[in-house]
Amino acid sequence: VVEHAVKKGRCAVFLDTGLGKTIIELATARNYIEHTNKPVLIITPLAVAFQFLKEAEKFGIDDILYSKYGKLNTKIVVCNYERLDKFDYNDFKCVILDESSILKNFDGAIKGQVTNFLRKVKYRYLFTATPSPNDFIELGTSSEALGYMGYMDMLSKFFTNNEDTIKPQNIGTKWILKGHAKEDFFKWVSSWSISMRK
């Protein structure tokens, strides 16, 4: 998984719980530190931030620190989503979002801030548990955050809806994968992501 993700440069990694996302994220970060000699930012929910420090210690990675205020004293910097405004994207060539599906739960301001921050960084990663096969919103927003096809473009290319309109904000609009587009859709998803259930 690390090799695939690092070669890709911008990748979503969908791995079920317990399959080692944290150490894969740390290994990915180490590869980019060697490649760019710049710090790597890992953005995570607050409850998970300190799990990274424990996991790093377990694997002998000591160049890591949780930062609340944007200070960069180590090569791997961990912060939580709500603290992103304290950091400057110019300090990083690689940003990793842990539990990236959480973006769906944030209000527009935090989601917009994270997406804008990512757009300005060359190497980007989204890590989360395997999305439901029909959670198309998460797949579309993930693609957009990585710099691939935008969410609206994805909808118009692969989907149809019960309203016969391209306005996803309408309440009650149900998006349905076009029958003839199913294979192409999942080929496209696998072109920018990797997933594993067990």
Side-chain angles (χ1 to χ4, degrees), residues 1-29 31-32 35 42-45 81 93-106 108 110-112 114-198:
V1 172
V2 173
E3 190 176 332
H4 175 85
V6 169
K7 282 181 179 174
K8 197 83 187 126
R10 289 179 287 135
C11 185
V13 179
F14 301 124
L15 302 181
D16 257 351
T17 309
L19 294 179
K21 281 189 293 292
T22 305
I23 190 58
I24 292 169
E25 289 173 60
L26 290 167
T28 301
N31 274 273
Y32 278 104
H35 178 66
I42 297 175
I43 311 169
T44 181
Y81 283 97
K93 288 270 188 235
C94 178
V95 174
I96 296 170
L97 299 190
D98 180 62
E99 303 294 349
S100 61
S101 63
I102 200 172
L103 287 175
K104 291 186 301 188
N105 303 330
F106 279 127
I110 291 179
K111 188 189 299 183
V114 172
T115 304
N116 286 335
F117 194 96
L118 275 181
R119 279 190 188 126
K120 296 168 183 162
V121 177
K122 184 172 182 179
Y123 304 112
R124 322 168 197 171
Y125 292 93
L126 308 179
F127 281 78
T128 191
T130 315
S132 161
N134 51 5
D135 191 347
F136 302 122
I137 293 170
E138 183 175 348
L139 294 174
T141 54
S142 295
S143 169
E144 192 163 23
L146 291 169
Y148 296 111
M149 189 185 300
Y151 175 60
M152 294 301 293
D153 294 331
M154 176 200 78
L155 288 177
S156 62
K157 182 169 183 167
F158 298 112
F159 292 85
T160 186
N161 67 51
N162 61 337
E163 306 276 323
D164 201 26
T165 177
I166 196 73
K167 294 181 183 168
Q169 63 274 20
N170 289 353
I171 295 171
T173 302
K174 290 193 175 39
W175 291 94
I176 302 138
L177 188 55
K178 295 174 186 171
H180 68 277
K182 190 173 184 179
E183 191 175 326
D184 288 342
F185 174 73
F186 285 105
K187 256 188 208 166
W188 168 72
V189 170
S190 65
S191 74
W192 52 265
S193 69
I194 187 168
S195 68
M196 181 168 58
R197 286 196 184 276
K198 55 174 153 170

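Note that the numbering runs from 1 along the sequence shown for the chain.
In this structure, the side-chain contact (heavy atoms from CB on, under 4.5 Å) partners of K157, at least two apart in sequence or on a different chain, are M149. Residues satisfying the side chain to side chain donor-acceptor pair (under 3.5 Å) test with H35, not counting sequence neighbours, are Y123. Evaluation of the side-chain contact (heavy atoms from CB on, under 4.5 Å) rule for K178 yields T160, H180, A181 as partners, not counting sequence neighbours. Residues meeting the side chain to side chain donor-acceptor pair (under 3.5 Å) test with D16, sequence neighbours left out: T130. Scanning for side chain to side chain donor-acceptor pair (under 3.5 Å) contacts around Y148 gives an empty result, with sequence neighbours left out. Residues satisfying the ring-ring contact (aromatic ring centres under 6.0 Å, His included) test with F117, not counting sequence neighbours, are none. Partners of A145 by side-chain contact (heavy atoms from CB on, under 4.5 Å), not counting sequence neighbours, listed by chain and number: L118, L126. Looking at residues two or more places apart in sequence or on another chain, you find a side-chain contact (heavy atoms from CB on, under 4.5 Å) between T115 and K111, R119. Taking the salt bridge (Lys or Arg N to Asp or Glu O under 4.0 Å) definition, one finds that K7 meets it with E3, sequence neighbours left out.
One distance of note links CZ of F186 with OG of S191; it measures 13.0 Å at 0.5 Å rounding. With values rounded to the nearest 0.5 angstrom, W188 atom CH2 is found 6.0 Å from F158 atom CZ. Taking OG from S100 and CZ from R124, the interatomic distance works out to 13.5 Å, rounded to the nearest 0.5 Å. Rounding to the nearest 0.5 Å places NZ of K8 at 10.5 Å from CH2 of W192. A distance of 10.0 Å separates CZ in F159 from CD1 in I176, rounded to the nearest 0.5 Å.
The two atoms that bring L146 and A12 nearest to each other are CD1-N, 3.5 Å, heavy atoms only. Minimum interatomic distance between H4 and S193 (heavy atoms only, all atoms of both residues): NE2-O, 4.0 Å.
Looking only at side-chain heavy atoms (C-beta outward), D98 and P45 come within less than 4.5 Å of each other. Contact annotation: the side chain of Y125 approaches that of C94 to within less than 4.5 Å [non-hydrogen atoms, C-beta and beyond].
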Could you give the side-chain donor-acceptor pairs of residues 18-29 under 3.5 Å, partners two or more places apart or in another chain?
{"from": "K21", "atom 1": "NZ", "to": "L15", "atom 2": "O", "distance (Å)": "2.9"}
{"from": "T22", "atom 1": "OG1", "to": "Q51", "atom 2": "NE2", "distance (Å)": "3.2"}
{"from": "T28", "atom 1": "OG1", "to": "I24", "atom 2": "O", "distance (Å)": "2.8"}

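Identified under the salt bridge (Lys or Arg N to Asp or Glu O under 4.0 Å) test for residues 184-196, with sequence neighbours left out: E183-K187.
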*Yes or no on side chain to side chain contact (heavy atoms under 4.5 Å, CB included) for F14 and T128, after CA distance, side-chain angles and deciding distance?*
CA-CA 5 Å; F14 301 124; T128 191; 3.5 Å; yes
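Listed for the Y81 side chain is no donor-acceptor partner under 3.5 Å among the backbone atoms of L97. Without hydrogens or angle criteria, S143 side chain to L139 main chain gives no donor-acceptor distance under 3.5 Å.
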